[in-house]
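Here the structure comes first, spelled out in structure tokens, and everything after it is commentary.
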Amino acid sequence: MPAYPIRRVAAMHDLSCFGRGSLATILPVLSVLGVQVLPLPTTLLSTHTGGFEGFTFTDLTPELHKIADHWEALGIRPDAIYTGFLSGAAQCDFIDDFITRFRTDETLTVIDPVMGDDGELYSQSTGALVSRMRALCRRADIIVPNLTEACLLCEVPYPDTAAMSPAALTACITALLDRLTALGPRRVVITGIVTDRASGVSTAGVDRSPASLDPAPFFVNLPRIGGMYPGTGDLFASVLVGRLLTGTRFPAAVTAASAFVRDVIAYSAAFDTPHRDGVLLEPCLHKLAEI
Ligand code: PXL
């Protein structure tokens, strides 16, 4: 009998019913990449929290416990555990417990420590979430903070990278990558590093896993198209997870994810898409086969 051909990822993120963030992005991206998503909705919101007033917010933690118990009874074993936006600090305890119950030596654990952007915490993020998220990141194989989240995890001020010389920028980001790998994860990516007086944007990565061919930090530098669309972090991380689970090496997967996010933002900007609607993902999904 041929080996089972599909990898499964348990994806713990919110379901925001408008705005194309989190599960609304993660499900189609991973499906197109040929990976089965086992969604574990952490929170149900009417919209994401970036740019909307009066959104509904339902914490689904009690349901998550019941789903995990049922999966355990069924013997379901995901190939990867991938977490993102959480309802609050208490939900970190659920994730911690889920990792203990479901992880094997082969499981890839990817934590996107969703807490803020552009130097600011999101409205729902608290100091308690930051410290619990820092502890949770110790259990990950890979973490994918944006620059804001990397600074929160390292307890350092948010730097003005756009104003830095290339040498100063490399030193600043390398120091962050070193501190983040010292937390525990062997592979780290920092997204959304604005460079060159805001004309460029970089993604930085480091691979200190046993499989690494080169432990030095690497950078993917692209022109900055401008504008911040909510959900691009979810887009980046899901392409990364999908590519890693289908055999792409880590640096190539980081490059592919950066290029796809750039392409989708460029497409969305060309149509003057309101930022809070999220990126125009649907017409771009087919491009995932080309990156
Ligand atoms: O993509 C980050 C994110 C995820 N989930 C919710 C959000 C945000 C960012 O604003 O509001 C609900």
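Both ligands and their constituent atoms are indexed starting at 1 by order of listing. Just so you know, residue 1 is the first one in the sequence shown, and it goes up from there.
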For this session: Could you label the plane-to-plane angle of the Phe57 and Phe55 rings as parallel, tilted or perpendicular, counting under 30° as parallel and over 60° as perpendicular?
Result: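 Geometry flag for Phe55 against Phe57: tilted rings.
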Give a yes or no answer on whether the side chain of [X] reaches the backbone of [Y] with a donor-acceptor pair at less than 3.5 Å.
| X | Y | result |
| --- | --- | --- |
| Ser125 | Met115 | yes |
| Thr148 | Gly116 | no |
| Ser46 | Thr56 | yes |
| His13 | Ala24 | no |
| Arg224 | Val194 | no |

Problem set entry | Ser16: numbered ligand 1 atoms lying under 4.0 Å from its heavy atoms |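 Atoms satisfying the 4.0 Å criterion: 12 (C).
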Problem set entry | Atom indices of ligand 1 within 4.0 angstrom of Gly231 heavy atoms, with elements |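 Close to Gly231: 1 (O).
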Exercise. Can you find a side-chain donor-acceptor pair between Thr42 and Asp14 that sits under 3.5 Å?
Worked result: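 There is no such pair between these side chains.
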List the closest protein heavy-atom neighbour of [atom]: residue, atom name, distance to the nearest 0.1 Å.
| atom | result |
| --- | --- |
| atom 2 (C) of ligand 1 | Val114 CG1, 3.7 Å |
| atom 9 (C) of ligand 1 | Tyr122 CZ, 3.5 Å |
| atom 6 (C) of ligand 1 | Phe85 CD1, 3.5 Å |

For this session: Answer with yes or no whether Gly21 contacts ligand 1, where contact means a heavy atom under 4.0 Å from a ligand atom.
Result: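 Judged by the 4.0 Å heavy-atom criterion, Gly21 does not count as contacting ligand 1.
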Exercise. Where the closest heavy atom to atom 11 (O) of ligand 1 is concerned, which of Asp234, Thr43, Thr232, Thr49 has it?
Worked result: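 Result: the heavy atom closest to atom 11 (O) of ligand 1 is in Thr49.
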Problem set entry | N or O pair under 3.5 Å between Asp14 and ligand 1 |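 It does: an N or O of Asp14 is found under 3.5 Å from an N or O of ligand 1.
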For this session: Decide whether an N or O pair under 3.5 Å exists between His48 and ligand 1.
Result: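 No - when backbone and side-chain N and O of His48 are compared with those of ligand 1, no distance drops under 3.5 Å.
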